[in-house]
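Following: one structure in structure tokens, then a few remarks.
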Amino acid sequence: MCGALRASDAGKKAVLMGWVNRRRDLGNLIFVDLRDRTGVTQVVMNAERDPAIHKKSEALRNEYVIAVIGMVKLRDAGNVNQHISTGEVELVAEELRILNESKLPPFLPGDTALANEETRLKYRYIDLRREAMQFNIELRHKVAKAIRDYLSDQGFFEIETPFMTRSTPEGARDYLVPSRVQPGTFYALPQSPQLFKQILMISGFDKYFQIVRCFRDEDLRADRQPEFTQIDLEMSYPQPERVWEVVEGFLTAAFAAAGCEIKAPFPRMGYDEAIRLYGIDKPDLRLPAFTDVRECFAPENLQELAINPNLPVIAVRTPKVGELSRKERDDIKPMFHSKGGAKIFEDFKRIGNKFPAAAAAIAKKTGMEEGDLIVLVAGSSQSGSSQSGSSQSGSAQTGSAQSGSAQAGPQTALPKHRKVTPQELAIYASAGLLRLALAQKYAERHLIFKKTGDAAKDFRFLWVTNFPMFEWDEGDKRWNAAHHPFTSPHEEDMSKLESGVESLNDPHSALGAVRALAYDVVLNGTELGSGSIRIHRQDVQSRIFRALGMTDEEARARFGFFLEALEYGTPPHGGIALGLDRIVMILAGAESLREVIPFPKTARAVDLMVDAPTPVSEAQLKELGIAVRKARE
RNA sequence: GGGGACGUAGUUCAGUUGGUUAGAACGCUGCCCUGUCACGGCAGAGGUCGCGAGUUCGAGUCUCGUCGUCCCCGCCA
């Protein structure tokens, strides 16, 4: 291969096949850099030594595919190329065959400047020839193989589940596949193999995994494609800790395959604590946590600043930003998106002028150093006065949630946990988004996101645990399943489900205090995967459906087969699913999933290379019994 | 569904307040060149300024619409 030859091969005869990466024509001497996925080797054609070959090589152009037979020759000391692995040798061509010519490509794999995304995607086969893409795809292969090997060694069976399955209205929008045999009916592509893997537990395959494509018809993001690959696994009789152990095991193996030595076990943090410390359920531990600096202000200070004293005052510290210009400081405010009456104080200096004692206390409490940026987020007193009443009822409901509170995280210095109230959540969440936006904006200055080469610092894993079972949907004015409806609630919170349908539309319902046996694995602020211990009893499952406002009839209509299966001796079980694409993306240091997926789709879910989706013929539609409505005018 | 950025040669980009013939680099074509490795030198070709309207004596530049790519919000159990 083109990346294989070394000084030790000097004198041997070699055959290389590959693409012409670059041609340097010095007249009677022509150099060709021959490329394949392993690397580049320099081939020499000398007019003096072999006029016929030299003549032939004059016709070579970029991206021609050629075969060269030649002698491996050690280069003179002055001609060694330090930049490539084969730089000590070159191949002296003795026979040259042009296997295929190439039209002039729209861009060259060896170009230093990257073509724009549209061109790259249309000519994906050329883009994929680039070294960076070859690296990413190889990395993906190695990671997947390491995971497969690890899980297989741990006694997991890789079992396939159907792609053509049943539409379930829960969760994301389904991709539908029409049935020809039964016109008017549709299969759905799986959003995940969730129910199948649970059925496999009921079927006695007590350790299952699959590296499997999933499909969700939702709008795309840099880290979201409509089809993506999950590492899906499920096991019988596990405690959550057992699932975590397996995940930590295969991630350690996967990262090792990528040359990164990560440390397990990962730290753990309760959902409430994550919100309180980071304002988000997937904290990026590389950045400093919040500091609640409410106590640093005297009560009259808070009044003067129109801050609600009943809500936290969050100091967001962004390290090593340096002195900000007037414009830079003005730019902070538009980055802040207030939720529920949260307000921002972006000018810490002004706070310092007005309240020197408070500012000094804040600087001390946050561990502020020279050049650090401090921005405060607090509740405004206007909205606060009307909210303090509801915040009362909020803390009342949380009293019951106190038992068995979240596990202590790695860097908590917080008082005994209460549950976060919706008003507090608004402050935390606003501050959390600002924290990330600021860190992103000043990434070039604090360099926290820059890889150090030390895997323990570069890859900050975290388990977030004890998620709430239900989420309040402000739009629909109802509670929804936060994870999915097959997640088991905490044993102690079971009683709170009793109220059922009546409390479904009450934002202060006890449903808000039900904790789930659900957990997320987070890496550098990205949610890698999500899992839970499942409900294994039909009666509990029915209660959850009822709590979600589903009648028994509705539940049976949607999940009847599953509810029935639960009644035939279902073992306790649980599992998790991780996004393979995201893992590889982070390992590759890529900004977008498109860099680690060979044939990705654009933001409008189009494949620019094959030009999909397309309309289909009238005949195809007819056969499927489908009529397409004309596009709206 | 909403917000933002971008769209000029094959590619990456520049293009001043609206003003003569729209530029550079790389790539491409031809010629020269025996130690290059982002080779070098000379010459040359290459443009519907995404598309469509409008304002104007005059539009790459201003306005509106439209299409495409990217990012974000909503959405993603």
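For the numbers below, each heavy atom of this structure counts, side chains included, while hydrogens, waters and symmetry mates do not. Throughout, protein chains are lettered first and strands after them, A, B, ... in sequence-line order, and every chain is numbered starting at 1.
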>> Side chain of A:R604, heavy atoms from C-beta onward: which of B:C70, B:U34, B:U69 has the nearest atom to it?
In response: B:U69
>> Applying the Watson-Crick and G-U wobble criteria at under 3.5 Å, what pairs with B:A53? Answer none if nothing qualifies.
In response: B:U63
> Under the ring-ring contact (aromatic ring centres under 6.0 Å, His included) test, which residues partner A:Y64, sequence neighbours left out?
Replying inline: none
> Looking at residues at least two apart in the chain, or sitting in another chain, which of them share a salt bridge (Lys or Arg N to Asp or Glu O under 4.0 Å) with A:D581?
Replying inline: A:R140
> salt bridge (Lys or Arg N to Asp or Glu O under 4.0 Å) with A:E88: which residues, sequence neighbours excluded?
Replying inline: none
>> Partner lookup for B:U34, please. Criteria are Watson-Crick or G-U wobble with both distances under 3.5 angstrom; report none if nothing qualifies.
In response: none
>> Holding to ring-ring contact (aromatic ring centres under 6.0 Å, His included), I want the full list of residues that pass it with A:Y125, two or more places apart in sequence or in another chain.
In response: none
> Taking only residues two or more places apart in sequence, or in another chain, which ones meet A:R478 in a side chain to side chain donor-acceptor pair (under 3.5 Å)?
Replying inline: A:N480
>> I need the NE2-C1' distance between A:H337 and B:G2, as an integer number of Å.
In response: 13 Å
>> Any base atoms under 4.0 Å from A:E471, or only sugar-phosphate, or nothing? Heavy atoms, all strands.
In response: nothing
>> Heavy atoms within less than 4.0 Å of RNA chain B: which residues of residues 211-223 of chain A have one? Give them sorted by number.
In response: A:R216, A:E218, A:D219, A:R221, A:A222
> Do A:N505 and A:W479 pass the side chain to side chain contact (heavy atoms under 4.5 Å, CB included) test, and can you show the C-alpha distance, the side-chain angles, and the key distance before you say yes or no?
Replying inline: CA-CA 7 Å; A:N505 297 305; A:W479 291 93; over 6 Å; no
All N/O contacts under 3.5 Å from nucleotides 35-39 of chain B to the protein, with atom names and distances to one decimal?
from  : atom 1 : to    : atom 2 : distance (Å)
B:G35 : O2'    : A:N79 : OD1    : 3.1
B:G35 : O2'    : A:N79 : ND2    : 3.4
B:G35 : N1     : A:E90 : OE2    : 2.9
B:G35 : N2     : A:E90 : OE1    : 2.5
B:G35 : N2     : A:E90 : OE2    : 3.0
B:U36 : O2     : A:R24 : NE     : 2.7
B:U36 : O2     : A:R24 : NH2    : 3.4
B:U36 : O2     : A:Q42 : OE1    : 3.4
B:U36 : N3     : A:Q42 : OE1    : 2.9
B:U36 : N3     : A:Q42 : NE2    : 2.9
B:U36 : O4     : A:Q42 : NE2    : 2.7
B:U36 : O4     : A:R75 : NH1    : 3.3
B:C37 : O4'    : A:R24 : NE     : 3.0
B:C37 : O2     : A:Q42 : OE1    : 3.2
B:C37 : O2     : A:N81 : ND2    : 3.1
B:C37 : N3     : A:R75 : NH1    : 2.7
B:C37 : N4     : A:R75 : NH1    : 3.4
B:C37 : N4     : A:N79 : O      : 2.3
B:C39 : OP2    : A:R24 : NH1    : 3.0
B:C39 : N4     : A:D25 : O      : 2.4

>> A:R435: which residues meet the salt bridge (Lys or Arg N to Asp or Glu O under 4.0 Å) condition with it, sequence neighbours left out?
In response: none
> Can you name the residues that form a ring-ring contact (aromatic ring centres under 6.0 Å, His included) with A:F215, not counting sequence neighbours?
Replying inline: A:F163
> Can you check the A:K441 NZ to B:A5 P distance for me, whole Å?
Replying inline: 15 Å
> Does any pair with a residue in residues 516-529 of chain A pass salt bridge (charged side-chain N to carboxylate O under 4.0 Å, His left out), and if so which ones, sequence neighbours excluded?
Replying inline: none
Shorter than 3.5 Å, N or O on both sides, protein versus nucleotides 8-12 of chain B: list them out with atom names.
from  : atom 1 : to     : atom 2 : distance (Å)
B:G10 : O2'    : A:P106 : O      : 2.9
B:U11 : O4'    : A:P106 : O      : 3.3
B:U12 : OP1    : A:N116 : N      : 2.6
B:U12 : OP1    : A:N116 : ND2    : 3.4

> Which part of the nucleic acid does A:S192 contact within heavy-atom distance under 4.0 Å: base, sugar-phosphate only, or nothing?
Replying inline: base
> A:Y278 and A:Y428: ring-ring contact (aromatic ring centres under 6.0 Å, His included), yes or no, with the steps?
Replying inline: CA-CA 7 Å; A:Y278 300 93; A:Y428 289 127; over 10 Å; no
>> Going by the rule side chain to side chain donor-acceptor pair (under 3.5 Å), which residues pair with A:R120 if we only count those two or more places apart in sequence or in a different chain?
In response: A:D127, A:E595
> Partner of B:U69 by Watson-Crick or G-U wobble geometry, both contacts under 3.5 Å, or none?
Replying inline: B:A5
